[in-house]
Amino acid sequence: MTRVLVTGGTGVLGQRIAQQLRARHATVVTLSRRAPAAPTPGLEWVPGDLITGAGLDEALCGVQAVVHAATSQRAREDVQMTQRLLDAAVRAKVEHLLYVSIVGIDHLSYFDYYAAKLEGERRVAASGVPYSVQRATQFHDFVAYLLGRMNRFPVLTLPRRIRLQPVDPDAVAARIAYATLNGVAGRLPDLAGPEAQSLETLAHAWLRAMGQRKRTWSVPMPLPIFRAMAVGDLAPAHAVRIGPSWEAWLAATVAGPGRAAADGAFP
Ligand SMILES: NC(=O)c1ccc[n+]([C@@H]2O[C@H](COP(=O)([O-])OP(=O)(O)OC[C@H]3O[C@@H](n4cnc5c(N)ncnc54)[C@H](OP(=O)(O)O)[C@@H]3O)[C@@H](O)[C@H]2O)c1
């Protein structure tokens with residue numbers, strides 16, 4: 001049975017990847033600083049810190065494959081964490097490391113988080129560890145979080161000219177679990193949700209799902225993240241389209257009792 005380490009096993013994506021790997025009969029160990037909210041049968045957790053390297057050698061003991069789904073919004077930390085993991089993976093002779101990245105981050109170096117993700121990809125490729133890189137578009141959860149943060153005034157104020165193709169993290173996790181166990185592939189095809197939409201359209205659907213009758217107002221917002229989102233190719237025509245739409249996800253997650261179905265047809 002393949003033993004897999006998932007870094008960031010308490011994160012939005014990492015916890016889903018760990019479950020998907022378990023469903024595929026892998027032995028799964030996760031590493032994060034905080035313990036998972038509840039112990040999950042069949043999942044081992046090692047407390048660790050990718051900045052200091054604490055717990056890392058223990059977590060990598062006997063591991064054949066690693067999924068790096070831990071991240072820090074502090075760009076410099078994010079690169080440090082990746083490098084620390086790569087150094088340990090070389091020592092542990094890991095056979096396959098899958099790095100999770102973001103669609104459309106090329107040429108956007110003024111937004112330091114995207115620059116860090118690109119540098120992470122570069123370091124993974126140069127590390128000598130056999131690797132795969134899986135890029136995905138913004139998760140539905142992340143778009144909902146962003147809209148929630150912006151929804152502070154009587155009118156929902158949005159950054160202008162942003163077009164996104166958000167994707168369900170359950171569907172991304174299913175693909176990543178499959179790719180991890182399927183072997184080294186280099187850069188995998190980019191993953192996106194089924195539909196590219198303007199942020200205004202996404203916001204209107206979100207407001208409807210939340211039962212709010214607000215108007216939206218789109219204005220220039222010169223923050224690097226919004227500039228990067230406006231000029232980056234975050235809704236690529238070439239991406240593989242997976243998972244439920246934004247509207248279906250909202251109906252199941254925000255407005256409804258259950259979860260939208262993930263990409264269930266995927267092996
Ligand atoms: N969110 C999106 O829309 C999106 C879209 C495409 C790709 N991605 C990529 O997908 C990956 C996962 O993103 P996510 O949204 O799931 O992240 P997240 O929810 O913020 O989770 C981050 C994880 O990293 C762990 N972590 C942070 N600092 C750590 C440290 N020093 N040592 C060990 N663990 C640490 C956290 O656990 P502790 O805090 O407990 O340590 C947590 O489990 C990232 O590479 C991201 O760039 C995200």
Side-chain angles (χ1 to χ4, degrees), residues 5-20 29-37 40 43 45-56 58-60 66-85 88 97-105 108 111-121 123-124 132-149 162 164-173 175-177 179-180 188 190-193 202 225 228-229 232-236 239-240 242-243 246 249:
L5 168 66
V6 180
T7 68
T10 49
V12 170
L13 185 64
Q15 55 182 293
R16 290 171 165 85
I17 294 170
Q19 284 162 6
Q20 290 281 349
V29 51
T30 67
L31 177 136
S32 54
R33 293 165 303 179
R34 288 168 298 136
T40 310
L43 288 185
W45 170 66
V46 173
D49 190 329
L50 288 167
I51 301 282
T52 63
L56 197 43
E58 183 194 342
L60 280 167
V66 175
V67 183
H68 184 31
T71 191
S72 168
Q73 292 306 310
R74 295 196 183 101
R76 191 179 300 176
E77 269 187 24
D78 195 70
V79 176
Q80 273 175 9
M81 287 160 60
T82 300
Q83 189 60 56
R84 185 73 78 177
L85 177 65
L97 183 140
L98 189 147
Y99 180 73
V100 185
S101 192
I102 304 174
V103 164
I105 56 174
L108 295 174
F111 178 41
D112 58 2
Y113 183 67
Y114 283 2
K117 296 300 299 179
L118 205 55
E119 177 63 12
E121 288 187 5
R123 291 191 184 206
V124 166
S132 305
V133 170
Q134 180 65 75
R135 289 183 175 188
T137 56
Q138 286 63 40
F139 303 153
H140 290 326
D141 310 56
F142 177 67
V143 176
Y145 164 80
L146 267 187
L147 290 170
R149 290 294 298 265
I162 291 181
L164 300 175
Q165 193 164 339
V167 66
D168 186 330
D170 281 318
V172 174
R175 291 269 170 165
I176 287 177
T180 303
L188 289 154
D190 291 353
L191 300 177
L202 294 165
I225 183 174
M229 283 183 160
D233 187 12
L234 303 189
V240 178
I242 58 168
W246 172 241
W249 181 85

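All values derive from a computational prediction rather than experimental measurement. All ligand and atom numbering here is 1-based and tracks the order in the structure.
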(Q) Test side chain to side chain donor-acceptor pair (under 3.5 Å) on Thr137 and Gln165; report intermediate values, then the result. (A) CA-CA 6 Å; Thr137 56; Gln165 193 164 339; over 6 Å; no
With a cut-off of 4.0 Å, which atoms of ligand 1 are near a heavy atom of [X]?
| X | value |
| --- | --- |
| Ile51 | 31 (N) |
| Val100 | 9 (C), 10 (O), 11 (C), 45 (O) |
| Leu13 | 10 (O), 16 (O) |
| Asp49 | 30 (C), 31 (N), 32 (N) |
| Gln138 | 3 (O), 5 (C) |
| Thr137 | 5 (C), 6 (C) |

Any N or O of [X] that comes nearer than 3.5 Å to an N or O of ligand 1?
| X | answer |
| --- | --- |
| Leu50 | yes |
| Ser72 | no |
| Ser101 | no |
| His68 | no |
| Val12 | yes |
| Arg33 | yes |
| Ala136 | no |
| Phe139 | yes |

**Q.** side chain to side chain donor-acceptor pair (under 3.5 Å) involving Arg84 - partner list, sequence neighbours excluded
**A.** none
Q. Which bit of Tyr99 is near ligand 1, meaning a heavy atom under 4.0 Å away: side chain, backbone, both or neither?
A. neither
Q. Angle class for the Tyr114/Phe111 ring planes (parallel below 30°, perpendicular above 60°, tilted otherwise)?
A. perpendicular
Q. Considering residues at least two apart in sequence or located in another chain, which fulfil the salt bridge (Lys or Arg N to Asp or Glu O under 4.0 Å) criterion with Asp112?
A. none
Q. So is Pro169 close enough to ligand 1, meaning a heavy atom under 4.0 angstrom away?
A. no
Q) Non-hydrogen atoms of Thr7 versus ligand 1: any pair closer than 4.0 Å? A) no
Q. Do you know which two heavy atoms are closest between Ser101 and Val133, and how far apart they sit?
A. CB-CG1, 4.2 Å
Q: Locate the shortest heavy-atom distance separating Ala70 from Leu50; write the atom from each residue and the value.
A: CB-CD1, 3.6 Å
